[in-house]
Amino acid sequence: MADDLKKGLEGVLVAESGLSSIDGDVGRLVYRGYTIEDLARGASYEEVAYLLWHGTLPDEEELAEFSDAMAAERDVDDAILETIRALVEADERPMAAMRTAVSMLSSSEPEPDADPADREASLRKGRRITAKIPTILAAFERYRQGEEPVDPDPSLGLAANFLYMMTGEEPDEVAAETFDQALILHADHGLNASTFTSMVIGSTMADIYSAVTGGIGALSGPLHGGANQDVMEVLIEIDESGLDPLEWVEQATEDGRRIPGFGHRVYSVKDPRAKILQERSRELAETGDSKWYDITTTIEDYLTDEKGLVEKGIAPNVDFYSGSVYYQLGIPIDMYTPIFAMSRSSGWIAHVLEYQEENRLIRPRARYTGPDERELAPLEER
Ligand code: CMC
């Protein structure tokens with residue numbers, strides 16, 4: 001057995017997958033052969049979830065059936081709502097509250113004893129999870145605002161319904177479309193840390209609830225899904241400091257601070273998702289506050305042209321622009337990472353189901369660097 005150590009599993013192939021492909025050298029992302037640009041322009045989040053789970057885009061009839069089935073699964077049990085309320089009262093953060101509530105969803109699962117190897121049953125469970133996560137998150141926000149949750153509206157798509165449940169008002173077309181696109185862009189991305197976490201859990205033939213709950217935990221860190229919040233916090237810090245954005249960036253790089261929303265393990269050029277979100281941010285700026293678009297673009301140009309970061313392979317990633325787009329849509333900052341999870345749940349589920357088809361327990365090794373041999377002294381002599 002080879003003893004090569006690959007820290008962070010960088011570049012290590014651990015599975016075959018037909019779900020998403022990333023070319024990090026040219027900035028290309030496809031889901032099952034469709035470019036992310038085409039999907040963002042021409043599909044809805046539900047169509048993308050269907051594509052990931054079933055392998056093909058749905059026709060009209062299939063989409064209507066699938067969307068109706070998803071919409072019919074949006075309600076969550078009162079016990080879960082009560083738990084969310086209690087977590088809000090305990091000042092829990094939304095990402096952690098969501099992790100707890102998603103784990104708790106299994107308590108109302110109508111097929112609790114289905115064999116995890118039963119792909120169709122796991123898919124039904126996965127569909128329920130993806131349908132219910134927006135309800136969980138929106139309820140969290142409503143309780144936090146001192147309001148009661150808003151019942152889901154089955155006539156709205158998943159993206160528009162989430163904004164509706166969170167605010168109590170139906171979003172306008174631009175907001176609904178922009179948010180739907182953001183969800184599409186986050187739905188899948190190869191074997192990132194959270195997807196791999198879900199796969200590791202799935203490879204033990206644990207159920208899909210455990211896999212999604214684990215994925216949420218992995219996504220919460222600042223090196224992964226947490227970066228979108230960090231980006232917005234930095235933009236606000238810059239704005240409130242009254243500093244020129246470039247002075248701030250100069251100082252931050254001198255201090256050795258990492259610029260959130262820059263750099264990626266796979267992309268050495270600008271992330272294609274960042275390009276699409278930058279464009280949406282520009283459009284939102286035309287009718288609203290252009291400050292955030294201006295600051296992000298100024299920083300990007302400076303880091304690219306003056307600091308040569310892109311030449312070093314450190315370019316804007318999806319989070320650099322998702323933060324400001326969500327802010328422009330009026331979404332609270334600490335909801336950004338949970339929203340990432342809301343979208344990525346479809347990717348986690350797709351990868352787990354795909355991997356389980358030809359399952360092999362994921363079980364790597366560590367090179368032991370501890371002492372070779374020690375004498376065990378009795379407790380009283382240590
Ligand atoms: N700002 C400044 N320098 C950076 C940055 C950054 N954001 N990211 C990487 N570098 C430098 C880093 O200091 C190192 O330089 P040197 O070789 O001189 O020490 C070099 O680039 C390589 O960094 P690394 O940490 O070895 O690269 P990695 O592949 O392990 O890191 C990353 C990828 C995403 C963890 C890292 O770029 C980072 O911390 N970025 C900021 C956080 C962020 O935006 N995360 C979101 C990732 S995209 C969304 C997702 O898929 O989850």
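Numbering of ligands and ligand atoms starts at 1, following listing order. For clarity, every value in this text was computed on a predicted model and none was experimentally measured.
- Across Arg273, His224, Arg258, Arg265, heavy-atom proximity to atom 52 (O) of ligand 1 is greatest for His224.
- By the 3.5 Å distance cut-off applied to N or O atoms, Phe340 is not counted among the residues near ligand 1.
- If you check each of Asn317, Thr337, Asp271, Ile259 against atom 2 (C) of ligand 1, the one with the closest non-hydrogen atom is Ile259.
- The distance from ligand 1 to the heavy atoms of Gly263 drops below 4.0 Å at these ligand atoms: 34 (C), 37 (O).
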Inset, instruction - For Leu277 and His186, run side chain to side chain contact (heavy atoms under 4.5 Å, CB included): C-alpha distance rounded to whole Å, both residues' side-chain angles, the deciding distance at 0.1 Å, then the answer. - result: CA-CA 11 Å; Leu277 287 171; His186 287 85; 4.3 Å; yes
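- Within a 4.0 Å radius of atom 10 (N) of ligand 1, the protein contributes one or more non-hydrogen atoms.
- The presence of a protein heavy atom under 4.0 Å from atom 16 (P) of ligand 1 is ruled out.
- A donor-acceptor contact closer than 3.5 angstrom is absent between the side chains of Glu247 and Gln251.
- The distance from ligand 1 to the heavy atoms of Leu223 drops below 4.0 Å at these ligand atoms: 39 (O), 45 (N), 46 (C), 47 (C).
- Protein non-hydrogen atoms do reach within 4.0 Å of atom 37 (O) of ligand 1.
- For atom 29 (O) of ligand 1, the protein comes within 4.0 Å by at least one heavy atom.
- Evaluated for a ring-ring contact (aromatic ring centres under 6.0 Å, His included) with Tyr326, the options Tyr336, Phe340, Tyr321 yield exactly one hit, Tyr336.
- Distances from ligand 1 to the non-hydrogen atoms of Asp319 include at least one value under 4.0 Å.
- Within the listing of ligand 1, atoms 43 (C), 44 (O) sit less than 4.0 angstrom from a heavy atom of Gly261.
- By heavy-atom distance, the residue among Gly226, Ala193, Gly256, Pro222 lying nearest atom 42 (C) of ligand 1 is Pro222.
- Using a 4.5 Å cut-off between side-chain heavy atoms of Ile, Leu, Val, Met, Phe, Trp and Tyr, Val30 forms no hydrophobic cluster with any other residue.
- Within a 4.0 Å radius of atom 19 (O) of ligand 1, the protein contributes no non-hydrogen atoms.
- Those atoms of ligand 1 with a heavy atom of Ala227 less than 4.0 angstrom away are 43 (C), 44 (O), 45 (N), 46 (C).
- Shown here, atom 50 (C) of ligand 1 is in close reach of the protein: a heavy atom of it lies under 4.0 Å off.
- Asp180 places a side-chain N or O within donor-acceptor distance of the main-chain N or O of Tyr45, the cut-off being under 3.5 Å.
- The aromatic rings of Phe162 and Phe179 sit parallel, their planes meeting at an angle under 30°, below the 60° perpendicular limit.
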Legend entry - Stepwise ring pair (Phe, Tyr, Trp, His ring centres under 6.0 Å) check, His189 with His351: CA-CA 10 Å; His189 206 233; His351 279 276; over 10 Å; no
